[in-house]
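To find a chain, count down the sequence lines: A is the first, B the second, and so on, and within it residues start at 1. Only a predicted model underlies this, so the values are computations on that prediction, with no experimental measurement involved.
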There are 2 protein chains.
Amino acid sequence: MNIRYSEKIKELLRESKLSVTDTRTKILELFFKTKGALEHHNFEKLDGATFDRVTVYRTLQTFLDKGIIHKIPSTDTSIHYALCKDCSEDHHDDHHIHFKCQHCDNTLCLEGIAIPAIQLPQGYTADNVEVIVSGLCPNCK
Amino acid sequence: MNIRYSEKIKELLRESKLSVTDTRTKILELFFKTKGALEHHNFEKLDGATFDRVTVYRTLQTFLDKGIIHKIPSTDTSIHYALCKDCSEDHHDDHHIHFKCQHCDNTLCLEGIAIPAIQLPQGYTADNVEVIVSGLCPNCK
DNA sequence: GTAACTGCAAAATATTTGCATCCTT
DNA sequence: AAGGATGCAAATATTTTGCAGTTAC
């Protein structure tokens, strides 16, 4: 549908050695358009088409495996997924912070903001640091 | 059972204007002993007793409402709860980072580590910053 | 005694697995 | 044509709601 993403999506799927299917294309389109966190239920009705629950779960799992999307920690009862610009390239880079707006409830990936170094107590090893800031986004302020 | 926490727990419940019941006492005992994140299923069988699912959920919700425990963001399919030392006092202080061990899978609250200030883009307002570090804990290192 | 707490039944929501069929390559 | 992707049925897991019975104060 969204012609402007069509080529980018095909390329991304081929790079990941995945076949180009309708479900995958439409799910990725939504990720590109949204630029933020999405949950499973956001995908069941897409562009008029209805996708099977199971297909959506399997598609998301495939994207996770291939490093196309990542999970975002949340306190909700459903898993939050997001694709970010850097992740669509050759390297998988999740090093960005997440921002959750308390008013519109959207979660965004904020690129280009340094993740602070955390000084852990003796004996701990850090492998990954997740930062989730909540507050008001520019639209809701 | 655990005599050493018994008084502390009664006091905490009374401070929060909650009646002292068996379920609440045992759930709080586990929180005190664990000093880390717990999920719902950790509470169903406790000290030989079996608690009804619903009672556990309602107890946890009550504790959330009273500021005795808080949720920790996660990428799992179940909600993670934790009680921390500071929260059992008069003031409710969630300002600590969380550490998730990639080996033993435990989540701990690390007190006394400064939460870094995050420089947000223009237009965003920060209300709360959550930091979750993953890596190896001293036991699993 | 009364308000609050608990337990059972049942529903709503979220996620996973097996298998037969269909589609991409 | 072959292997991977999808869709249906069904199971499992998680969380919530209503109501009746029980308990703490």
Take atom NE2 in B/His41; do more than 12 heavy atoms of anything else shown fall under 6.0 Å from it? yes
note: B/Lys66, atom NZ; C/dC5, atom C1'; distance rounded to Å ~ 13 Å
Using a heavy-atom cut-off of 4.0 Å across all strands, would you classify A/Thr59 as base, sugar-phosphate, or nothing? sugar-phosphate
Sequence neighbours left out, cut at 3.5 Å: what donor-acceptor pairs do the side chains of residues 75-83 of chain A make with other protein atoms?
unit_1: A/Asp76; atom_1: OD2; unit_2: A/His80; atom_2: NE2; d: 3.3
unit_1: A/Ser78; atom_1: OG; unit_2: A/Glu39; atom_2: OE1; d: 2.5
unit_1: A/His80; atom_1: ND1; unit_2: A/Ser74; atom_2: OG; d: 3.3
unit_1: A/His80; atom_1: ND1; unit_2: A/Ser78; atom_2: O; d: 2.9

Using a 4.0 Å heavy-atom cut-off across all strands, classify B/His40 as base, sugar-phosphate, or nothing. sugar-phosphate
Under 3.5 Å, which N/O atoms of the protein pair with N/O atoms of nucleotides 7-10 of chain C?
unit_1: C/dG7; atom_1: OP2; unit_2: B/Thr55; atom_2: OG1; d: 3.1
unit_1: C/dG7; atom_1: O6; unit_2: B/Arg58; atom_2: NH2; d: 2.3

Check whether any side-chain N or O of A/Tyr57 sits under 4.0 Å from OP1 or OP2 of C/dT15, and answer yes or no. yes
Least distance between heavy atoms, A/Asn128 atom then A/Glu130 atom: OD1-CG, 3.8 Å
Using a 4.0 Å cut-off to any heavy atom of chain A, which nucleotides of DNA chain D are the first and last in contact, reading 5' to 3'? D/dA5 to D/dT15
Less than 6.0 angstrom separating the ring centers of A/Tyr57 and A/Phe43, yes or no? no
Linked hydrophobic residues, B/Ile132 as query - side chain contacts closer than 4.5 Å: A/Ile132
How many whole angstroms separate atom NZ of B/Lys26 from atom P of C/dT6? 12 Å
Once you round to the nearest 0.5 Å, how far does NE2 of A/His40 lie from CZ of A/Arg53? 7.0 Å
Got a sec, which hydrophobics cluster with B/Val54, joining ILVMFWY side chains under 4.5 Å apart, including via others? none
side-chain contact (heavy atoms from CB on, under 4.5 Å) between B/Gln102 and A/Asp127, intermediate numbers included: CA-CA 9 Å; B/Gln102 289 161 340; A/Asp127 178 58; 2.9 Å; yes
Can you get from A/Phe51 to A/Ile68 by hopping between Ile, Leu, Val, Met, Phe, Trp and Tyr side chains that sit under 4.5 Å apart? yes
Looking at A/His96 and A/Leu110, what are the two nearest heavy atoms and their distance? CB-O, 3.3 Å
Between A/Arg24 and A/Thr62, what is the shortest heavy-atom contact and its length? NH2-CG2, 4.2 Å
Between the protein and nucleotides 23-25 of chain C, which nitrogen or oxygen pairs are less than 3.5 angstrom apart?
unit_1: C/dT25; atom_1: OP1; unit_2: A/Val20; atom_2: N; d: 3.0

